[in-house]
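Structure first, then comments.
For this chain, numbers begin at 1 and follow the sequence in order. Scope of the values below: all heavy atoms of this structure, side chains included, with no hydrogens, waters or symmetry mates.
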Amino acid sequence: MGLADDDALVRRLLTQVIDRDPGLCVAWAVGNGTEVLNRLLHASDDDAPQAPDVDVLLLDINMPGTNGVDAAKALHEVYPDLPVIMLTTLDRTEYVTDVMGAGAVGFLRKDDREDRLLTAIRAAHQGIAVFSMETARRLVKEPMGRTPLSDESSPLTQRETEVLRMVAQSLTNGQIGRRLGVSEATVKSQISSIIAKLSCTDRVGMVKWGFHNGVLG
């Protein structure tokens, strides 16, 4: 995986944490979004960029030059399936709009627990939206400046909306099932139904739809 942060100490600490996990490895760490784009988009003289050399990216939101959000947007146009997690020192739900609009799968605080960071990286690689724990708790409580769809206009049932909110909290199918008192297979079927109704392709697409239409927040 690759990471970008303008603080050299943060880069070093994140690299150490990630490299200690036997299933993960930091291939490179750079100081700003411009370096990320140069590495992934401009590394070849060919017209078409090479396939990315990493499976997941961690990008600091606020960096000099090209910030993380702008870098994520540029990368998403070329590599829409490359999971990008944004890093922030401030846990603010208003960041969600920019982050999801940039094609990222979520964001984490830099001071999140190590196990949370490692779990989030694996989840992102599987296409699961990831957020810091505090943001996940607030996502369904704080308004985000959008008028939510009414029950009549929403294509989702009340239960499907409940499942969508739990997906936005980065819960697995098993965790959702335990909260709702249903089987994991039932949750999987409900998520498939939501994806079909919203004409999206995965759980991240579900969450983006929720933010876009005021259902989340």
Side-chain angles (χ1 to χ4, degrees), residues 1-7 10-11 14-15 17-19 21 23-88 95-110 112 116-132 135 167-168 170 172 191 194-196 198-212 216:
M1 61 176 301
L3 68 86
D5 195 292
D6 61 318
D7 189 321
V10 171
R11 292 199 304 272
L14 286 173
T15 299
V17 168
I18 295 168
D19 282 349
D21 188 291
L24 301 173
C25 176
V26 175
W28 46 262
V30 297
N32 57 60
T34 301
E35 292 181 78
V36 173
L37 298 181
N38 286 339
R39 179 175 287 272
L40 293 178
L41 299 184
H42 310 308
S44 170
D45 293 332
D46 299 334
D47 291 336
Q50 300 289 328
D53 60 353
V54 292
D55 297 320
V56 178
L57 274 180
L58 290 177
L59 300 181
D60 184 18
I61 287 181
N62 296 310
M63 294 184 288
T66 304
N67 63 38
V69 173
D70 290 341
K73 287 179 180 178
L75 290 171
H76 187 66
E77 292 181 1
V78 181
Y79 304 120
D81 297 325
L82 177 62
V84 177
I85 302 172
M86 309 301 293
L87 297 171
T88 177
Y95 281 154
V96 171
T97 302
D98 289 340
V99 166
M100 301 306 283
V105 298
F107 69 90
L108 299 171
R109 283 179 59 104
K110 294 181 184 179
D112 266 331
R116 171 63 181 167
L117 170 65
L118 299 176
T119 298
I121 292 171
R122 291 191 175 88
H125 187 247
Q126 297 171 13
I128 299 175
V130 293
F131 298 96
S132 67
T135 298
V167 168
S170 303
T172 65
I191 289 177
I194 295 171
I195 289 174
L198 303 182
S199 298
C200 55
T201 58
D202 53 25
R203 294 164 68 107
V204 174
M206 289 168 48
V207 174
K208 289 181 180 179
W209 180 92
F211 289 135
H212 232 5
L216 299 174

Task: Over all atoms of both residues, closest heavy-atom pair of G33 and A71 - done: CA-CB, 4.0 Å
Task: Nearest heavy atoms of R11 and G31, plus distance in Å - done: NH1-CA, 3.5 Å
Open item on the list: Can you confirm whether T34 sits close enough to M63 that some side-chain heavy atom of one is under 4.5 Å from a side-chain heavy atom of the other?
Closed with: no
Task: Shortest non-hydrogen contact from D60 toward N62 - done: OD2-O, 2.8 Å
Open item on the list: Does L14 form a side chain to side chain contact (heavy atoms under 4.5 Å, CB included) with V26? I'd like the steps, not just the answer.
Closed with: CA-CA 9 Å; L14 286 173; V26 175; over 6 Å; no
Task: Sole residue of D55, T15, I18 in side-chain contact (heavy atoms from CB on, under 4.5 Å) with M1 - done: I18
Open item on the list: Using side-chain heavy atoms (C-beta onward) and a distance below 4.5 Å, is L3 in contact with L59?
Closed with: no
TODO: Supply the atom-to-atom distance Y79 OH to L41 CG, rounded to the nearest 0.5 angstrom.
DONE: 5.5 Å
Open item on the list: Is the shortest side-chain heavy-atom distance between I85 and L57 below 4.5 Å?
Closed with: no
Open item on the list: With salt bridge (charged side-chain N to carboxylate O under 4.0 Å, His left out) as the rule and sequence neighbours excluded, what pairs involving residues 118-128 come up?
Closed with: D21-R122
Task: Validation row: W28, V54 side chains within 4.5 angstrom (heavy atoms) - done: yes
TODO: Find out whether L87 and L58 are in side-chain contact, i.e. whether some heavy atom of one side chain is under 4.5 Å from a heavy atom of the other.
DONE: yes
Open item on the list: Give me the atom names and distance for the closest heavy-atom approach of I195 to M206.
Closed with: CG1-SD, 3.6 Å
Open item on the list: For A74 versus L37, what's the shortest heavy-atom pair and its separation?
Closed with: CB-CD2, 3.9 Å
Task: Where A4 and N32 come nearest, the two heavy atoms and their spacing - done: CB-O, 4.2 Å
TODO: Find out whether L40 and D53 are in side-chain contact, i.e. whether some heavy atom of one side chain is under 4.5 Å from a heavy atom of the other.
DONE: yes
Task: Sub-4.5 Å side-chain heavy-atom contact between V84 and V56 - done: no
Open item on the list: Within the structure provided, determine whether N67 and I61 are in side-chain contact (heavy-atom separation under 4.5 Å).
Closed with: no
- [ ] With rounding to the nearest 0.5 Å, note down the distance linking CG in L24 to CG in D19.
- [x] 8.5 Å
Task: Charged N-O contact under 4.0 Å between D5 and K110 - done: yes
